[in-house]
Amino acid sequence: FNDSLHELQITSRRLPTALTSNELKPHADLEFKSKVLKSEDLWILDGRILDPEKVFWDERRVADKEIDCHGFIAAPGFIDTQINGALGFDFSSDIDNFQESLHEVATYVLRHGVTAFYPTIVSSSEETYSRILPKFAAYERGPKEAEILGLHLEGPFISQEKRGAHHKSVISDGQEQITLSKLKKRYGSLEKVAIITVAPELRGMEQVIEELCNNEKIVVSLGHSMCDLETAGKAVWSGARYITHLFNAMLPFHHRDPGIVGLLTCQKLPTSQKLPTSQKLPTSHKWLSSDKKLPHKVFYGMIADRSEER
């Protein structure tokens, strides 16, 4: 991953916007799953890579503009949905150096194939959020840095039992009724927040998830949770579409109730309490055997991390 490749990625991302609906065909070396470099044409329309065979044989079209990339390598970039820190920086605690740490990490990860990421803040106090979020809102991307797509707030509306390395003192006690106004009060602002990780079993969280997804346009992720499959399924119907560090800080997959992990085995989930009537099956089996389709795909993240004991 070198400077030439970085320049190619920046160019390839911006040109389609300027060309609106016109087709762009850069000549470059493409990296395929076979790990063999081939000299090919990369067809782009409105920022999307096209199937050249379909364009040529089915649509009988030619490119509006051709660009010679002079042998640069075009390769897919990784998008990391959770980076809590790197290079000695902890985004949640190094507040005075927060913007400096963003620049350092964004420069570093780009050299290793990550072209975009979400800096992640663990469960923190109201005071900490009030200091971090304005600094993030004022952040401006520098040259040769990975793009920051938004902030990921991991907690504090999570399960005490599955808090992991999160400080116990700043996590929701699980007894209070969670509302969107309480959530906003804790964070102070949702400006440039892209992902929020919550435990769906908390009181009032189902409604909060729906409001975050529909009104605030934020991706809700499920994690640090003790919830069963039924509760996870309801969260998906409310709008949740992601799972934070799959298997980590959640109930293990079990044949009687696979929990959050079970979402990935469900091709279908029910839309309401009208479930199959057989009383011989556990609730999770009723959900798995329902004939209602999922409202959307559920994605998940995996993580390898190391943190000091808290």
Side-chain angles (χ1 to χ4, degrees), residues 1-3 5-10 12-13 31 33 47 49 73-95 97-124 129 132-133 135-137 139-155 158 164-166 187 190-198 212 217-225 240-250 260-261 263-264 297-308:
F1 217 76
N2 53 34
D3 292 344
L5 176 56
H6 171 67
E7 295 300 328
L8 171 61
Q9 289 175 327
I10 299 302
S12 298
R13 185 164 57 245
E31 184 175 1
K33 292 181 179 179
I49 297 175
I73 298 174
F78 295 106
I79 298 178
D80 198 322
T81 59
Q82 181 178 356
I83 295 185
N84 296 92
L87 305 175
F89 292 109
D90 180 352
F91 294 142
S92 303
S93 61
D94 295 326
I95 304 176
N97 301 315
F98 184 72
Q99 290 196 354
E100 176 190 350
S101 66
L102 290 179
H103 288 296
E104 292 277 354
V105 173
T107 301
Y108 174 78
V109 298
L110 182 63
R111 295 200 299 266
H112 294 273
V114 175
T115 55
F117 71 103
Y118 296 83
T120 303
I121 307 300
V122 299
S123 300
S124 301
Y129 289 123
I132 290 179
L133 269 66
K135 287 177 178 288
F136 182 76
Y139 169 81
E140 294 185 2
R141 181 185 180 186
K144 299 183 180 180
E145 292 182 2
E147 184 177 1
I148 294 180
L149 301 176
L151 200 61
H152 180 170
L153 300 179
E154 184 188 5
I158 58 176
H166 293 230
Y187 294 139
L190 293 179
E191 183 182 1
K192 295 190 176 182
V193 173
I195 305 173
I196 297 180
T197 293
V198 302
L212 284 172
K217 308 304 179 185
I218 289 174
V219 173
V220 173
S221 183
L222 309 180
H224 287 278
S225 169
R241 57 177 65 244
Y242 198 73
I243 301 173
T244 296
H245 44 59
L246 184 68
F247 297 114
N248 193 353
M250 61 187 64
I260 291 178
V261 181
L263 289 173
L264 303 182
K297 291 182 179 180
V298 178
F299 299 90
Y300 64 91
M302 303 290 285
I303 191 167
D305 56 6
R306 182 177 66 186
S307 177
E308 63 182 16

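Keep in mind the model is a prediction, meaning the values are calculated, not measured.
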When rounded to the nearest 0.5 angstrom, what distance separates [atom1] in [X] from [atom2] in [Y]?
X	Y	atom1	atom2	value
Leu151	Ile195	CG	CD1	9.5 Å
Thr115	Glu145	OG1	CD	13.5 Å
Leu102	Ile83	CG	CD1	10.5 Å
His224	Ile260	NE2	CD1	10.5 Å
Asn84	Glu154	CG	CD	5.5 Å
His245	Thr120	NE2	OG1	9.5 Å

Determine the minimum heavy-atom distance between [X] and [Y], stating which atoms define it.
X	Y	value
Ala146	Ala116	CB-N, 4.1 Å
Gly155	Tyr187	O-OH, 2.7 Å
Gly150	Ala194	CA-CB, 3.9 Å
Ile218	Val193	CG1-O, 3.6 Å

Worksheet entry | side-chain contact (heavy atoms from CB on, under 4.5 Å) between Gln82 and Thr197, worked out | CA-CA 11 Å; Gln82 181 178 356; Thr197 293; over 6 Å; no
Less than 4.5 Å apart, any side-chain heavy atom of [X] and any of [Y]?
X	Y	answer
Leu212	Leu190	yes
Val219	Arg241	yes
Val198	Ile158	no
Ile148	Tyr139	yes
Phe136	Ile121	no
Val122	His166	yes
Glu100	Phe89	yes

Heavy-atom donor-acceptor pair, [X] side chain to [Y] backbone, under 3.5 Å:
X	Y	result
Thr244	Ser221	no
Ser92	Asp90	no
Glu191	Leu133	no
Tyr129	Ser124	yes

Worksheet entry | Which residues share a ring-ring contact (aromatic ring centres under 6.0 Å, His included) with His152, sequence neighbours left out |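 With sequence neighbours excluded, His152 shows a ring-ring contact (aromatic ring centres under 6.0 Å, His included) to no residue whatsoever.
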Worksheet entry | Residues forming a side chain to side chain contact (heavy atoms under 4.5 Å, CB included) with Val261, sequence neighbours excluded |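 Only Leu246, Phe247, Met250, Phe253 meet the side chain to side chain contact (heavy atoms under 4.5 Å, CB included) criterion with Val261.
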Item to complete: May I ask you to check whether over 12 heavy atoms, not counting those of Tyr108, lie within 6.0 Å of atom OH?
Response: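 Counting neighbours around OH of Tyr108, 12 or fewer heavy atoms of other residues, nucleotides or ligands fall under 6.0 Å, so no.
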Discussion item. Please evaluate residues Val109 and Asp80 with respect to the criterion side-chain contact (heavy atoms from CB on, under 4.5 Å), reporting the C-alpha separation (whole Å), side-chain torsions for both, the decisive distance (0.1 Å), and the verdict.
Written reply: CA-CA 9 Å; Val109 298; Asp80 198 322; over 6 Å; no
